[in-house]
Amino acid sequence: MLSKTGIVKDETYLEHDPGSFHPESPRRLQAIYEMLESRDMKGNYVAITPRSASHREIAMNHGDSYIDLVAGTAGKRYYSLDVDTQTSARSYEAALLAAGGFCNAID
């Protein structure tokens, strides 16, 4: 039996906007979403619905102080965690959905 590729997709991911010159541009993700809706791609993958990851799941890879730092950026228009990592108001929510979506994909 052939299995299809699973795709975790949510419009909230588009709201992670680290700035116009950062490679994690929402425009890049929007282009991928549009490609997935094309006639050639539609029906060739399994859509996986994301969910917010729990604190316990996130803590499997990150320490509590880092989780608290990133959680503290929620709702802030722009926050720089380091020179390469910037967040926007809904980045934390998008990250929780991305991690939880990955967990759903594994399941």
Side-chain angles (χ1 to χ4, degrees):
M1 175 171 115
L2 275 175
S3 60
K4 293 184 180 181
T5 299
I7 302 289
V8 181
K9 179 181 163 193
D10 193 277
E11 295 297 312
T12 305
Y13 298 156
L14 297 170
E15 296 192 44
H16 166 62
D17 188 356
S20 59
F21 296 105
H22 198 281
E24 290 178 16
S25 168
R27 291 183 308 276
R28 184 172 78 170
L29 188 55
Q30 184 62 47
I32 293 169
Y33 285 2
E34 288 171 10
M35 178 203 61
L36 290 171
E37 293 302 315
S38 73
R39 188 170 27 126
D40 294 337
M41 292 295 295
K42 208 164 182 90
N44 289 322
Y45 62 88
V46 175
I48 299 170
T49 303
R51 61 170 173 81
S52 290
S54 69
H55 186 279
R56 188 178 134 275
E57 289 169 325
I58 300 295
M60 294 170 119
N61 288 297
H62 299 291
D64 286 338
S65 62
Y66 186 72
I67 296 169
D68 291 344
L69 172 65
V70 177
T73 70
K76 294 182 179 174
R77 191 171 73 82
Y78 176 82
Y79 189 89
S80 183
L81 296 168
D82 60 39
V83 284
D84 292 324
T85 311
Q86 290 75 39
T87 65
S88 56
R90 294 196 65 199
S91 293
Y92 181 62
E93 180 182 351
L96 289 177
L97 283 173
F102 177 73
C103 291
N104 282 355
I106 291 169
D107 289 343

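What you see below is based on every heavy atom in this structure, not just the backbone, and it leaves out hydrogens, waters and symmetry mates.
Taking each heavy atom of His16 and Ser91 in turn, the nearest pair found is ND1-OG, 2.6 Å. Nearest heavy atoms, Arg28 versus Pro23: CZ-O, 3.2 Å. Taking both residues in full, the closest heavy atoms of Val8 and Gly101 are given as CG2-O, 3.5 Å, listed atom of the first, atom of the second, then distance. Taking each heavy atom of Pro50 and Leu97 in turn, the nearest pair found is CB-O, 3.4 Å. Heavy atoms only, all atoms of each residue included: Gly100 and Ala53 are closest at N-CB, 3.5 Å. Across every non-hydrogen atom of Ala94 and Thr12, the tightest pair is CB-O, 3.8 Å.
Within the structure, salt bridge (Lys or Arg N to Asp or Glu O under 4.0 Å) pairs that include any residue of residues 15-27 comprise Glu15-Arg90 (at least two apart or interchain). Pairs engaging residues 95-107 under the salt bridge (Lys or Arg N to Asp or Glu O under 4.0 Å) rule: none recorded [sequence neighbours left out].
Taking Ser38 as the reference, Asp40, Met41 meet the side chain to side chain contact (heavy atoms under 4.5 Å, CB included) condition, with sequence neighbours excluded. In this structure, the side chain to side chain contact (heavy atoms under 4.5 Å, CB included) partners of Ala98, at least two apart in sequence or on a different chain, are Tyr13. The side chain to side chain contact (heavy atoms under 4.5 Å, CB included) check on Asp82 picks up Asp84, Thr85, with sequence neighbours excluded. Take Glu57 and apply the side-chain hydrogen bond (donor to acceptor under 3.5 Å, both in side chains) test, not counting sequence neighbours, and it matches Arg51, Ser54. Every residue two or more places apart in sequence or in another chain was checked for a ring pair (Phe, Tyr, Trp, His ring centres under 6.0 Å) with Tyr33, and none qualifies. Every residue meeting the salt bridge (charged side-chain N to carboxylate O under 4.0 Å, His left out) condition with Glu37, not counting sequence neighbours, appears here in chain and number order: Lys9, Lys42. Taking Ser52 as the reference, nothing meets the side-chain hydrogen bond (donor to acceptor under 3.5 Å, both in side chains) condition, with sequence neighbours excluded. For His22, there are no ring pair (Phe, Tyr, Trp, His ring centres under 6.0 Å) partners at least two apart in sequence or on another chain.
In this structure, the separation between OH on Tyr92 and CD1 on Ile58 is 7.0 Å, given to the nearest 0.5 Å. Atoms CG and CD, on Leu29 and Glu11 in that order, are 8.5 Å from each other to the nearest 0.5 Å.
Tracing side-chain contacts under 4.5 Å through hydrophobic residues (I, L, V, M, F, W, Y), one never reaches Val46 starting from Phe102; they form parts of separate clusters. With hydrophobic clusters built from ILVMFWY side chains whose heavy atoms lie under 4.5 angstrom apart, Met35 shares a cluster with Ile7. One hydrophobic cluster, built from ILVMFWY side chains closer than 4.5 Å, holds both Ile48 and Leu14.
Here the side chain of Lys4 pairs no donor or acceptor atom with the backbone of Ala47 at under 3.5 angstrom.
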List the atom pairs, with distances to 0.1 Å, where a side-chain N or O of residues 68-77 and a protein N or O form a donor-acceptor pair under 3.5 Å, not counting sequence neighbours.
from  : atom 1 : to    : atom 2 : distance (Å)
Thr73 : OG1    : Val70 : O      : 2.6
Lys76 : NZ     : Gly72 : O      : 3.4

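Under a 4.5 Å side-chain heavy-atom criterion applied to ILVMFWY residues, the cluster that includes Met60 comprises that residue alone.
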